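This one's a predicted model, so the numbers in the text were calculated from it and none came from an experiment. Naming convention: chains lettered A, B, ... in sequence-line order (proteins, then strands); numbering from 1 in each chain.
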Amino acid sequence: MMKERSERYLFDSERIENNLADKNLPFGDETPYSITYPESNKDVLEILNWANKEKLKVIPRGSMSSLSGGACALSSSLVINFSKMNKIIEIDTHDLVLTVEPGAKLKDIYFEVERSGLYFPIDSFSSYNGTAGGAAGENYQGMRFAKYGDTRLNTMQIELVNPVHGIVTLGGKTVKNVSGYDAKIAWIGSEGTLGIFTKLMYKLMPLPEKRTIITLPFDSIDVFFDFKKKFDSLKIFVSALDLMSSKVASYISEVSSKYLSFVLIEGRTLEVERLKKEILKFAESNKAQIFEGNDFDFMYKKRLNMGEKTLNDKLFADDVTLPIKTCSDFLKFLEGRRYDFLLHVQDGGVLVFRKEPPGKNDDIYEKVLEQNGSLISERQLGIQPKRELFLEKMGSVYIELMRSLKKAVDPNFILSPNRYIF
Amino acid sequence: MSTSSENSLSLIEEYYEEQIIRCMKCGMCQSICPVYYEDSLETGCARGKLALSEALLHGKLEPNHKIEMIFNKCLLCHACAQVCPVGLSPDKVFAAARAEMVKRYDMPWIKSLIYRKLLGEGKLSSLTGTLSLANRLKLFVLARSLSIPKIFGKSAIRLSFATLPDIPSKPFLDRFPELLEPNSKPIGTVGYFVGCAQNSVFQDVSEASVNILLALGYRVIIPKDQGCCGFPHYGAGDFETLKQKIIQNSSAFKKYKLDAIIISCATGGSGLKDVYPEMTKEDNLKTLGANVYDISEFLALKHLDDLKKMMPTDKKEKIKITYHDACHLNRLQGISSQPRQLLRIMPSYELVEMENSTKCCGEGGGFTFYYQNISSSIANRKKETIKNTGAKVVALGCPGCRAQISGALKQEGLDIDTKHTVCLLWDEIKKGKDSNF
């Protein structure tokens, strides 16, 4: 059977070069059974039909830039690599909709969308090399969540393939589309467990007239949260308001303080200028730095590449979410354990950087649950050890409901095995 | 100089094992790689090849011809190294991997003929003679019309060969004396490294370079016994000939007391500045007896004001010109503003930037013969960006890019000239009323 299909499926050294362990995990380094590169939704359908018949596990892969092992191969699996389905199909400047194939790189999307005078606000820790399909599968969102929402909230329509229903389209291109279930929501962030995306439509928005970054040094967590209280009086979300420990901050700037706050403001020039003035006043710091124009581009790129820098220093990046009012306590807890961190202040998402990856029962998770937080923040469970704890916490009813949904679309459980709760 | 052990993967181990292990598979290289952009296969970009290198090193994979071809699927454009967050130079790993393959399988006869005979011999006379004869007999045109696929196939460079300028029967090194004195008292002594392409095919570049240096008041020494820089051998994995070239060029230049060594070939400059220190673990002062400068770097750094005074003053309508950043000049030598500075002082031209001027043209030495379709696709993208500027001339600093880009432009019958920056500069100086000449 395989020999007949050798043109589509690669078995030789290509399997080895696709032996790509997730850069953030010390495991998951398995050479797949085979690789295939579809070029259309019909190719994907044919592949899935065959895999389903053979009960062969399949794992969709974009650029393999995930941090939770979502695209890691199993030795018994077929990797469906979407690098040949990488077209930006349409940038509709009237309806403000972007239509792309799943392998399109976010880097190229940003470039083309901005060239059309529009803006695609989805980013992530690996956004420079991430793909549109990865953004949907993993429900990307990074520092700008509070202002723009995640991929789920920015998706208009998805086309996917599953082994039972074939090619399915969910959602629509029109903004008002209220009747029935908004089923696409369940598929975004499903890590490939419910179907494989073949086309995606995302919302766009007008390109902000002005973009500014301000960095503010702080020497104590309490002083920063005093600043935040004043900032809250503005009753407005900026595009990003982060607080990072000095080691993390050193990847984007020279730091002499214990903490650095990173503020990203985007909007009309007058609005940005007003906010800038207020923030500088609240911060009461003469060491604030402002980045605009070319300096902005340079700093923004450094910020986007920060994830790679932490990984280069062999820091394991974990993420959790805390209720915002408990963030101050949680950061002090992390400091007590000498962990580095990056807090997205407006949504409570915390990236925790440490030398050793956490085990299932790490005391961080205990603390998070004690404070009514969430075990995950902006990336999926993937193959991380905390999957087990998540399963325990969600309970049997939740798992049974999810399994029923999974069975309806993938009765042989061939899609993305060992991910999420399956 | 480092020596290799008996271990079959000694060259990779010796130079780059640590680089292979440090790759964290983030795929940033994938987002920038011009080859991956065309074929979308993991083998196209550095990450896939590094995974293979690791598998080879750890014995998970045995070397074979298929893997040899995968390592050949790299332009050595260094773009991956520029974005790598870990600071790796994957192109260097692949050059070493190619050397491993040459050690194991040796070179095919055609490659051996080109690299060891034509480029390998001392004065490069055979290369010039062969190219000149072939050109005069219209062999390249014949090859093109017959579409001899293995040699010329569909590559843009094939067309370039078929439309080569008249090649003098004598190489530049035989046409010019070893010592050239300026008209006035010398302000310094520089050595001129000619390079294969500019010794044989693009002799206009060597002539312009030497004439400008003389016009500025330099005594110019062109050592007769210099040879190929060795970069083509480095790229082809022929480290043995590369080492011979380093020794040959070292002895050719070191016997003179030079203030600087000037080169007008981007690839040769990268060879001297980047590969020589890598192979010898010594700097150029020690290996060649002087620091090496690309001609545009030297002129912009030391003589911009002098050159401004040599420019013509009559005001004519400006011709639009655009500049292509050769990878070996921009990425490997960090030279991008200097040629532009020179172009901006030329009153006959108006510089218009092309989109993605730093993107590789797809030439990459042997790459264009191994992967003709990919090479041509990359060249066509470059051609489109050039067309979009409306420029009548493309300036550049690399003979490989010149051949590739002019081939792509001619393929579409576009009336756009492709010239080295110094040729344009020398034309302007000749026109200039205040020229010292």
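Remark: side-chain polar atoms of A:K107 are paired, donor with acceptor, to backbone N or O of B:S31 under 3.5 angstrom. Under a 3.5 Å cut-off, the side chain of B:K25 and the backbone N or O of A:S65 do not form any donor-acceptor pair.
Environment of NZ in A:K355: crowded, with over 12 heavy atoms of neighbouring residues, nucleotides or ligands closer than 6.0 Å. With a 6.0 Å radius and a threshold of 12 heavy atoms from other residues, nucleotides or ligands, A:K199 has its NZ atom at or below the threshold.
When all heavy atoms are compared, the tightest approach of A:N312 to B:M24 is N-SD, 3.7 Å. The two atoms that bring A:K84 and B:D39 nearest to each other are NZ-O, 2.8 Å, heavy atoms only. Nearest heavy-atom pair, A:K309 versus B:P85, reported as atom, atom and distance to 0.1 Å: NZ-O, 3.7 Å. Among all heavy-atom pairs drawn from A:N86 and B:S40, the shortest one is ND2-OG, 3.7 Å.
With a 4.5 Å cut-off on side-chain heavy atoms, B:E42 and A:Y37 count as touching.
For a residue to count as touching a neighbouring chain, one of its non-hydrogen atoms must lie under 4.5 Å from one of that chain's; by this rule A:F111 touches chain B with the side chain only.
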After noting the C-alpha distance and the side-chain angles of A:M64 and B:R47, does the key distance pass the side chain to side chain contact (heavy atoms under 4.5 Å, CB included) rule?
-> CA-CA 11 Å; A:M64 187 74 203; B:R47 182 173 67 175; 3.5 Å; yes
